[in-house]
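First the structure, in the form of structure tokens, and then the observations on it.
All of these numbers come straight from a predicted model, not from anything done at the bench. Proteins get letters first, then strands, A, B, ... in listed order; numbering begins at 1 in each.
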Amino acid sequence: MTDLILYNVSNGLIIGAFYVLMALGLSLILNLSGVINFAHGGFLALGGYFAYTLAPYIGFWGALLVSPLLVALLGLILERTMIHRLYGRDPLYSLLLTFGLAFIFEDVTRAVWGATGLPFTVPDFLTKPLSSQFFFVTGYRLFMIAVVAIAVGGLFLFLRFSRLGVRIRAGTFDLDTVSTLGVNVKMLRSFNFALGIFLAGLAGVLAGGQLSLEPTMGANLLMPSFVAIIVGGVGSLPGTLLGGLLIGVAAGLTAVFWPAASDAVIYVMMAVVLLLRPRGLLGEEGLLT
Amino acid sequence: MTPTIDRSKYVTLGVIWLLLLTMPYWLPMVGGYMALGTRVVIMGLAAMSLNFLLGFTGVLSFGHAAFFGLGAYGTGLALKYFTHSTPLALVLGVLLGGIAGAVLGALIVRRRGVYFAMVTIAFGQVFYFIAFRWNSLTGGDDGLRGFERQPIDFGVWQADILHRPILFYYFVLLLFAIGTGAMGFLLRSPFGRTLLAIRENERRARFLGVPIEQHIWLSFSLSCFFVALAGGMYALLNNFADPTMLNYTQSGEIVIMIVLGGIRSFWGPLIGAAIFVVLQDYLSSLTTNWMSFLGTIFVLMVLFFPRGVLGLNWTEMFRSVLGRSRQTRPQEGGNLS
């Protein structure tokens, strides 16, 4: 029983780590630009598929870095050509635009790489179980957690200490003032958007090694990421981190006792949070409410 | 929406109802079929119901498919297990969707804007997962089968809506008329005027003593009841309900119908639904990549055509062509917020 629980908690942590990467990217974009990026899952899937295609040429490690950068570049192009036009307009329009983009992404991915799942091979030394009793602790899982930890740690350090990062955080609270102080808000938002997409791409490569590559893999992670943001508190990145891990573990634990409910339990958590603490666990009152 | 309806409104109203009432006769001539026409009317009601909330209260719900789907499943399950009466099943479906909406609405009514949209999307997915996972009751991924709409007995005459599509169309049209009539009536009442006031300036409405949360909750719940009615009829149309009806992509489709037709107009969503349903039917018969086309339409729509077909204000264009004087309409223009 303990093994089973540990197994599912570790599963939950892994899934939670994907939620975190995905939700942090979504949060960054939502906080600074007020855009709910429905296409985020599409970017994630593209990240995985790019890595799949690139890996034979530049190896797993190359793909791990290059693929998210490519996806971020694509995100930057789309932001510059379309999405930036909708800043400051009713959120309805950016929602519909990214929703349409998500449709296109899914369809294009399906047309190019096929609808059936593709296996994405990771280096051998990462796939071996590390212990015979806890067979589920493979190197890849630890590796994934490490990459996510580095990415998230790097992001928080960047936001805390770099000038650009401080501006992004300031823009979350008051973009007008940031603009008045002479910061190029247009560039800031573009960079921020690309940064968010980079995280999605990274999550896509990692997810490709763990789950298999499917056109809908990103869309399936999108809703839990929303929940992670709401549970953690809209506007708070540490909240998003906490929310992602919490709902991952909660879903993992529920899978032990009542597998059919493991999808729904995160929504119950969201309902409870909204009832007891409407701004989310670490959210601040008044932001985007 | 002015209390005194001007003449052009009568003309619009007349044309719309004439087209709807005679649809079974002209539809086959232009290459349509009865089920397609019925689907247009049903989705039109769904889009108009959501627009009651989105266009006339200014609150963005991106999770209305949940209540649409609950209406469908409620109706289907009632027909399968409880009753042989189509109207009773429909009532049960509407109650299921509407009450679920009212309960959820109470939970989220204080959220606004993007936040409200996100919470509605996420909560909508709960019902999707329930329908998807509860195999024994809902049939899971395969959808709910094993029910049929039943003939309606009027004593002297039995309306066989099952075997005569045209009768089913008129049955749907009757409920559509009741639904849209009720919404039109509500919007012209003091309650509806207050909703418009909230949409235009929530803070001012609050200072005037309007209980904002209560009004938004009522508007949300009413809109859920109407969209559940549309969902129930959709289940009756296909004698089938499947989980994708509750998915957020379905919500997105309903929203795009509204925007396609014109968000600030009462009948716009019906036109948007007609365009969308026909286009989807056509594209999916033409190509397997219809999702790309649909997505492209979304994108182009938002970028170049955000006010929709009726948002273009045809009457004024028509009038200016004829050289008549322009009329300003207060509820047109301005940003949504």
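Contact of A/Ala102 with chain B is not made at all, since no heavy-atom distance falls under 4.5 Å. Both the backbone and the side chain of B/Ile121 have a heavy atom closer than 4.5 Å to some heavy atom of chain A. For B/Val119, the parts sitting under 4.5 Å from any heavy atom of chain A are the backbone and the side chain alike. At a 4.5 Å heavy-atom cutoff, the contact between B/Phe123 and chain A is made by backbone and side-chain atoms alike. Residue contact with chain A, scored on non-hydrogen atoms closer than 4.5 Å, involves the backbone and the side chain of B/Ile256 alike.
Across every non-hydrogen atom of B/Met118 and A/Leu30, the tightest pair is SD-CD2, 3.7 Å. The shortest non-hydrogen separation linking B/Gly252 to A/Leu96 is O-CD2, 4.2 Å. Residue A/Ile104 comes nearest to B/Ser292 through the heavy atom pair CG1-O, 3.8 Å, listed as atom of the first residue, atom of the second, then distance. Closest approach of B/Thr288 and A/Asp107 over heavy atoms only: O-OD1, 4.2 Å. Contact detail for B/Val299 and A/Gly100: the closest heavy-atom pair is CG2-C, 4.3 Å.
When the heavy atoms of residues 39-46 of chain A are compared with those of chain B, none of the residues falls under 4.5 Å.
Using a 4.5 Å cut-off on side-chain heavy atoms (C-beta onward), A/Met82 and B/Leu303 make contact. A heavy-atom distance below 4.5 Å is found between the side chains of A/Phe99 and B/Thr249.
Taking the six-membered ring where the residue is Trp, A/Phe38 and B/Tyr248 present parallel rings, their angle staying beneath 30° rather than reaching 60°.
Residues satisfying the side-chain contact (heavy atoms from CB on, under 4.5 Å) criterion with B/Ala46, sequence neighbours excluded, are B/Met43, B/Phe68, B/Val227, B/Ala230, B/Ile254.
A donor-acceptor pair is defined here as one N or O able to donate and one able to accept, closer than 3.5 Å; such a pair exists between the side chain of A/Tyr93 and the backbone of B/Pro306.
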**OP:** Please assess B/Ile263 against A/Leu92 for the test side chain to side chain contact (heavy atoms under 4.5 Å, CB included), listing each intermediate value before the final yes or no.
**Re:** CA-CA 11 Å; B/Ile263 190 165; A/Leu92 169 70; 3.5 Å; yes

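Contact tally against chain B (heavy-atom pairs below 4.5 Å) for A/Val35, A/Val227, A/Leu101, A/Leu95: the top residue is A/Leu95. The residue among A/Phe105, A/Tyr267, A/Phe226 with the most heavy atom pairs within less than 4.5 Å of chain B is A/Tyr267.
Remark: aromatic rings of A/Phe103 and B/Phe298 are close, center separation under 6.0 Å.
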